[in-house]
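Worksheet: one structure, shown below.
Heads up: numbering here begins at 1 and tracks the sequence.
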Amino acid sequence: MKIHEQNTTLFRVCGNVSQFPPESMPEIAFAGKSNVGKSSLINMLLGRKGLAHTSSVPGKTQTVNWYNVDNALFFVDLPGYGYAKAAKKEQDRWSRAIEDYLHRRGTLRGVLLLTDIRHEPGENDKLMLNWLREYQIPTVIAATKSDKLNRSQILKQTSLIAKTLDADPASVIAVSALKGDGRDILWKQLLQLIKM
């Protein structure tokens with residue numbers, strides 16, 4: 001099945017679980033720290049510049065956002081975790097929304113876990129991946145902002161990320177939303193998750 005990724009719309013914006021849409025199509029969730037580049041990566045994968053709102057300010061995505069991709073699947077943009085400047089009450093609300101989504105969605109086929117290629121994954125990243133493994137949710141690791149490094153640095157950092165997360169180095173995909181690097185590999189992985 002061929003997906004026309006540019007045929008995408010922002011389907012729903014949810015502040016809490018009660019607003020989640022009924023389960024209808026396969027879903028791929030995007031998770032990661034605040035400001036890791038989830039919205040930028042969604043725009044890159046879909047070939048649309050301003051569909052998912054981006055910001056240099058961490059914690060911009062405070063809702064769970066559903067994108068209908070060609071009436072074939074949903075991309076689900078989760079709030080970023082680990083943003084210390086957000087109020088504790090807000091952080092708790094985001095955490096609950098993320099956990100409820102990941103734990104309860106029958107149509108969830110996998111998670112794209114984003115980590116900044118320039119930095120070693122932190123405790124929040126490890127906790128998230130361990131949680132996903134515990135619940136046997138298939139996960140693809142994307143190392144974002146690869147345009148900031150040269151080729152040898154990219155190889156060194158993807159190896160470090162894999163080692164820190166106890167993952168196969170081949171499973172860490174270096175991506176650049178700015179240049180489009182890693183787009184085809186990522187799409188191939190995501191389509192395998194939803195068996196298309």
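To the nearest 0.5 Å, atoms CG (D70) and CG (L46) are separated by 10.5 Å. From F20, atom CZ reaches atom CZ of R105 across 7.0 Å, with rounding to the nearest 0.5 Å. The structure places CG of N7 at 6.5 Å from CG of N71, a figure rounded to the nearest 0.5 Å. One distance of note links CD1 of I42 with CZ of F30; it measures 4.5 Å at 0.5 Å rounding. M44 CE to S39 OG: the interatomic distance, rounded to the nearest 0.5 Å, is 13.0 Å. Going from atom CG of L112 over to atom CZ of F75 covers 8.0 Å, rounded to the nearest 0.5 Å.
Residues P121 and D125 share a closest heavy-atom pair of CA-OD2, 3.5 Å. Counting all heavy atoms, side chain and backbone alike, K33 lies closest to G122 at NZ-N, 3.7 Å. Closest of all the heavy-atom pairs between P22 and R12 is CD-NH1, 4.4 Å. Counting all heavy atoms, side chain and backbone alike, Y101 lies closest to L108 at OH-CD1, 3.5 Å. Considering every non-hydrogen atom in both G110 and L193, the closest pair reads CA-CD1, 4.0 Å. Nearest heavy atom pair, residue A31 against residue Y81, reads C-CE2, 4.5 Å.
For R118 (side chain) and K148 (main-chain N/O), no donor-acceptor pair under 3.5 Å exists by modelled atom type. A side-chain donor-acceptor contact under 3.5 Å links T139 to the backbone of I137. Although no hydrogens or angles enter the test, the distance criterion places a donor-acceptor pair under 3.5 Å between the side chain of R183 and the main chain of L45. Under a 3.5 Å cut-off, the side chain of T107 and the backbone N or O of E23 do not form any donor-acceptor pair.
Residues I141 and L127 fall into different hydrophobic clusters, defined by Ile, Leu, Val, Met, Phe, Trp and Tyr side chains chained together at heavy-atom separations under 4.5 Å. Both V69 and V13 are assigned to one and the same hydrophobic cluster, defined by single-linkage of ILVMFWY side chains at heavy-atom distances under 4.5 Å. Note on L41 and W187: same hydrophobic cluster, where clusters join Ile, Leu, Val, Met, Phe, Trp and Tyr whose side-chain heavy atoms are under 4.5 Å apart, directly or indirectly.
Classification of the Y135-H103 ring pair by plane angle, with boundaries at 30° and 60°, yields perpendicular.
Using a 4.5 Å cut-off on side-chain heavy atoms (C-beta onward), I28 and V140 make no contact. With contacts defined as side-chain heavy-atom distances shorter than 4.5 Å, the pair Y67/L51 qualifies. Contact check for I194 versus M25: no side-chain heavy atoms found under the 4.5 Å cut-off. Contact annotation: the side chain of P138 never approaches that of V111 to less than 4.5 Å [non-hydrogen atoms, C-beta and beyond]. You'll find the side chain of I98 reaches within 4.5 Å of the side chain of M128, heavy atoms only.
At a cut-off of 3.5 Å, with distance as the only test, a side-chain donor of S176 or D147 sits close to an acceptor on the other residue.
Counting non-hydrogen atoms of neighbouring residues, nucleotides and ligands closer than 6.0 angstrom, the NZ atom of K126 exceeds 12 such neighbours. Within 6.0 Å of CD1 on I185 lie no more than 12 heavy atoms contributed by other residues, nucleotides or ligands.
Of the residues listed (V175, L178, D116), the one engaging K145 in a side chain to side chain contact (heavy atoms under 4.5 Å, CB included) is D116, and it is the only one.
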Which donor-acceptor pairs under 3.5 Å do the side chains of residues 163-174 make with protein atoms, sequence neighbours left out?
unit_1, atom_1, unit_2, atom_2, d
T164, OG1, E120, OE2, 3.0
T164, OG1, L160, O, 2.8
D168, OD1, A170, N, 3.0
S171, OG, D168, O, 2.5

